[in-house]
Amino acid sequence: MQAGRALEANLAHKPSDAPSQDATAPVRRSRTRRTLRAIGWSLASLLVLVLALVATGWWWAGTDSSLATALARAARYLPAGQTLESREVTGSLRRGGAIGYLRWESPTMAVEVQGARIGWALRPLLRKRVQLGEVHAARIVIEPRGPKDEEKKPLEPLSPIVLPVEIDLPFSADEVLWKGPPEVRAQSLTGRYVYEAQQHHLKLDGVDLADGHYSGTVQLQGAAPMAL
């Protein structure tokens, strides 16, 4: 009888082979801390890298060669059939600059700009606004290309022109030449283009054309039905 009770006591106090929950909990907490610490360091490193790239981009945008570099790179990404050529370019993307010669060509049109000055600021972009202080050109030549008038397709209605940013663009040109035919020459062109509240506004302060001096305003709705 006593031997049976001793055997039952030994069985009752025999340690279990499986680890208890109290023993495994510290291990789980340790692994969780290490995982969270690794994630935190990864996010911090990524944030530092992004800030470094932004700072480098901001610094580069202020260098005197950034405008020329941006134009050269833009020429590489134009659609097929279009080209962009620029020469004598000085200034930066942050403050604007000067372009001695700029020519854009497509299968239907060629535009040549000589003696251009562009002044603008990047800060308004944070408010989704393109603010230009000055856009002046000594000479602009526009040359239409493509089939003759009798071979052209009938004109189609414009598609809606809704822009993602507001724009304020004062402009002026000493001479504008439309190479036609017929050829048209305008001088002393000044005006301002504004896009806000999904409306296009064009104010022509003045232009000398033929024997007259003209001015006017145009307002075009950006979304359909594009009321003029």
Side-chain angles (χ1 to χ4, degrees), residues 65-91 93 96-120 130 132-163 165 167-195 200-220 222 226 228:
S65 61
S66 60
L67 181 58
T69 303
L71 288 174
R73 291 181 179 177
R76 302 174 188 171
Y77 296 99
L78 288 176
Q82 299 185 21
T83 60
L84 181 65
E85 179 185 358
S86 58
R87 297 196 299 265
E88 302 173 13
V89 181
T90 60
L93 290 175
I99 304 174
Y101 177 88
L102 183 70
R103 183 179 178 84
W104 170 79
E105 293 187 39
S106 76
T108 58
M109 184 172 293
V111 179
E112 182 178 301
V113 180
Q114 302 172 10
R117 297 194 307 271
I118 303 173
W120 78 314
V130 178
L132 290 98
E134 175 192 33
V135 178
H136 174 82
R139 190 167 190 259
I140 302 175
V141 180
I142 305 173
E143 179 184 354
R145 294 178 174 179
K148 298 179 181 179
D149 290 342
E150 57 271 16
E151 300 174 354
K152 292 181 180 178
K153 297 180 181 180
L155 293 177
E156 298 180 357
L158 288 174
S159 300
I161 309 174
V162 179
L163 305 178
V165 295
I167 299 177
D168 185 2
L169 191 162
F171 60 86
S172 62
D174 298 335
E175 181 183 26
V176 179
L177 176 62
W178 172 271
K179 299 192 72 172
E183 186 174 286
V184 179
R185 188 183 303 271
Q187 294 179 320
S188 302
L189 171 67
T190 59
R192 193 179 203 94
Y193 166 73
V194 175
Y195 176 79
H200 301 271
H201 304 269
L202 177 63
K203 181 181 180 182
L204 187 63
D205 295 325
V207 60
D208 294 332
L209 183 63
D211 296 329
H213 182 79
Y214 302 90
S215 63
T217 58
V218 177
Q219 179 173 314
L220 175 66
M226 301 187 71
L228 178 64

Residues that W104 engages under side chain to side chain contact (heavy atoms under 4.5 Å, CB included), provided they are two or more places apart: L78, Q82, L84, S106, M109, V111
Minimum heavy-atom distance P107-G81, with the two atoms named: CD-O, 3.4 Å
What pairs with E88 under side chain to side chain contact (heavy atoms under 4.5 Å, CB included), at least two apart in sequence or on another chain? none
For L71 and S86, the nearest pair of non-hydrogen atoms, with its separation, is CB-OG, 3.9 Å
Would you compute the distance between atom OH of Y214 and atom CG of L204 and round it to the nearest 0.5 angstrom? 11.5 Å
Among all residues two or more places apart in sequence or in another chain, which pass the side chain to side chain contact (heavy atoms under 4.5 Å, CB included) test with T83? E105
Euclidean distance, T190 OG1 relative to K203 NZ, rounded to 0.5 Å: 9.5 Å
Can you tell me how far CH2 of W178 sits from CG of L209, rounded to the nearest 0.5 angstrom? 13.0 Å
Atom CG of L177 and atom CD of E112: how far apart are they, to the nearest 0.5 Å? 10.0 Å
Does some side-chain heavy atom of L228 sit less than 4.5 Å from a side-chain heavy atom of V218? yes
With K179, which residues qualify under salt bridge (Lys or Arg N to Asp or Glu O under 4.0 Å), at least two apart? none
For Y193 versus F171, what's the shortest heavy-atom pair and its separation? N-CE2, 3.9 Å
Check P170 against D168 and note the closest heavy-atom contact, atom names and distance. CD-O, 3.7 Å
Of all residues at least two apart in sequence or in a different chain, which pass the ring-ring contact (aromatic ring centres under 6.0 Å, His included) check with Y195? H200
How close do A173 and H136 get, counting heavy atoms only, and between which atoms? N-ND1, 4.3 Å
Rounded distance (nearest 0.5 Å) linking atom CG of D208 with atom NE2 of H213: 5.5 Å
Hey, does I99 have a side-chain heavy atom less than 4.5 Å from the side chain of V113? no
dist R139:CZ -> Y101:OH (nearest 0.5 Å) comes out at 11.0 Å
Before giving the answer on side-chain contact (heavy atoms from CB on, under 4.5 Å), spell out for L132 and I118 the whole-Å C-alpha distance, their side-chain angles and the decisive distance to 0.1 Å. CA-CA 8 Å; L132 290 98; I118 303 173; 4.1 Å; yes
So, using salt bridge (Lys or Arg N to Asp or Glu O under 4.0 Å) as the criterion, who are the partners of R185 when residues are at least two apart? E175, E183
